[in-house]
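Right, one structure below, let's go through it.
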Number of protein chains: 2
Amino acid sequence: MDPLLSRLSYLLGRLYMTSLTLETEALEDLGVDVKQQAVLTFLAEIGPVTQQQLGQRIGIDRTTIVTLVDGLEQHGYVERERSPHDRRAYQLTLTDTGRAAQKTGHKRVAKAERALLDNLTGPERDTLKRLLAKAVQERSTHL
Amino acid sequence: MDPLLSRLSYLLGRLYMTSLTLETEALEDLGVDVKQQAVLTFLAEIGPVTQQQLGQRIGIDRTTIVTLVDGLEQHGYVERERSPHDRRAYQLTLTDTGRAAQKTGHKRVAKAERALLDNLTGPERDTLKRLLAKAVQERSTHL
DNA sequence: TATTGTTATACTCTATAACTATA
DNA sequence: TATAGTTATAGAGTATAACAATA
């Protein structure tokens with residue numbers, strides 16, 4: 001019936017926008033937005049990095065990283081320390097509070113993801129996620 | 001390895017942004033953007049509507065519809081006619097040129113979609129699209 | 001009084017340019 | 001000279017407010 005629902009980009013867009021809304025709400029009282037939660041997760045799993053390295057890895061401009069990290073620092077989730085190798089660069093490290101916030105946030109995001117796909121069965125959710133990952137991952141190796 | 005690739009919203013966002021880029025490029029020489037192509041398709045399949053009805057159906061603000069339709073009108077794809085029922089409203093109708101452009105655009109978009117998912121097999125593409133549609137459609141019936 | 005289309009304004013998000021301190 | 005972080009500015013995209021014509 002609705003011609004839009006047969007359009008891949010429309011479907012992706014709708015679901016993406018809804019996921020942003022749900023995740024933003026889920027993270028609200030932690031004082032972080034979706035990108036900031038991604039940064040916390042990145043630091044928790046990969047370890048300390050400079051702002052520049054961080055931006056390159058998660059695809060955010062270095063000028064945008066600044067205010068993003070400002071917020072995390074104000075909440076005491078992250079500390080800026082001068083890199084021992086290069087005094088121009090900041091080494092970003094997760095505090096204990098930041099690590100706890102990351103874990104809580106991670107659970108909240110997982111819950112929001114389930115809510116987003118609450119009309120799919122468990123196996124369907126896994127399939128969807130697997131296919132999305134495959135489409136994105138192989139594409140990035142092409143570059 | 002990359003923690004971002006396990007995040008649903010990240011996968012959706014990456015694929016969505018790429019789809020917008022590919023489709024925008026594919027439609028470029030027709031003089032329409034992705035939203036304008038959606039409007040042409042809507043008019044081709046549903047028939048004449050007012051700007052207000054159009055905006056409500058495809059989720060675009062009525063103030064944004066104006067410039068969008070301006071572009072379509074300048075290309076001669078769409079005509080604004082006063083509604084016989086309500087002289088405040090414009091009835092949007094597709095011209096012959098507009099109908100031709102819609103068909104060409106539709107093929108281009110389909111090609112862009114295949115390119116976006118060129119690393120998935122045919123059945124995988126169908127499955128992905130079906131699951132996305134299910135997730136979006138059932139969600140919208142919940143509202 | 002409410003609604004359609006329109007315009008102007010404001011607001012958000014992001015990209016660009018320029019500055020500083022280091023290298 | 002080039003780079004990390006920062007700041008200020010400009011741009012795209014979108015939402016809000018107000019207006020004229022009509023209901």
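Residue numbering restarts at 1 for every chain, and letters A, B, ... go by the order of the sequence lines. Quick note: numbers below take in every heavy atom, side chains included, and nothing from hydrogens, waters or symmetry partners.
Atoms OH (B/Tyr90) and P (D/dA23) sit 13 Å apart, rounded to a whole Å. Atom NZ in A/Lys35 sits roughly 8 Å away from atom P in C/dC13 (whole-Å rounding). Rounded to whole angstrom, the span from the NE2 atom of B/His85 across to the P atom of D/dA21 amounts to 24 Å. A straight line from CG of B/Leu20 to P of D/dA12 spans 17 Å, rounded to a whole angstrom. Atom CD1 of B/Ile65 and atom P of D/dG13 are 15 Å apart (whole Å). Separating the CD1 atom of B/Ile60 from the C1' atom of C/dG5 is a distance of 16 Å, rounded to the nearest angstrom.
At the heavy-atom level, B/Arg80 lies under 4.0 Å from the strands shown only through sugar-phosphate atoms. B/Ser83 comes within 4.0 angstrom of nothing in the nucleic acid, heavy atoms only. Among the heavy atoms of the strands lying under 4.0 Å from B/Asp61 is at least one base atom, whether or not backbone atoms are also near.
Among the nucleotides C/dT4, D/dT6, D/dA4, the one closest to any side-chain atom of A/Gln51 is D/dT6. Set against C/dT7, D/dA23, D/dA4, the side chain of B/Arg87 has D/dA23 as its closest nucleotide.
A salt bridge between B/Glu113 and B/Arg125 is absent, with no side-chain N of the basic residue lying under 4.0 Å from a carboxylate O of the acidic one.
Taking 4.0 angstrom as the limit, B/Gln52 places none of its side-chain polar atoms (N or O) nearer than this to OP1 or OP2 of C/dT3.
Of the possible polar contacts, none joining the B/Thr93 side chain to the B/Pro48 backbone as a donor-acceptor pair under 3.5 Å is found. Panel note: side chain A/Arg82, backbone A/Gln91; no donor-acceptor pair is recorded below 3.5 Å.
Within the cation-pi definition used here (under 6.0 Å to the ring centroid, within 45° of the axis), B/Arg57 does not qualify as a partner of B/Phe42.
Positionally, the nearest nucleotide of DNA chain D for B/Arg62 lies more toward the 5' end than for the other of B/Arg62 and B/Asp86.
Residue A/Arg88 places no side-chain atom within donor-acceptor reach of the base of D/dG5, judged by atom type and a 3.5 Å distance cut-off alone.
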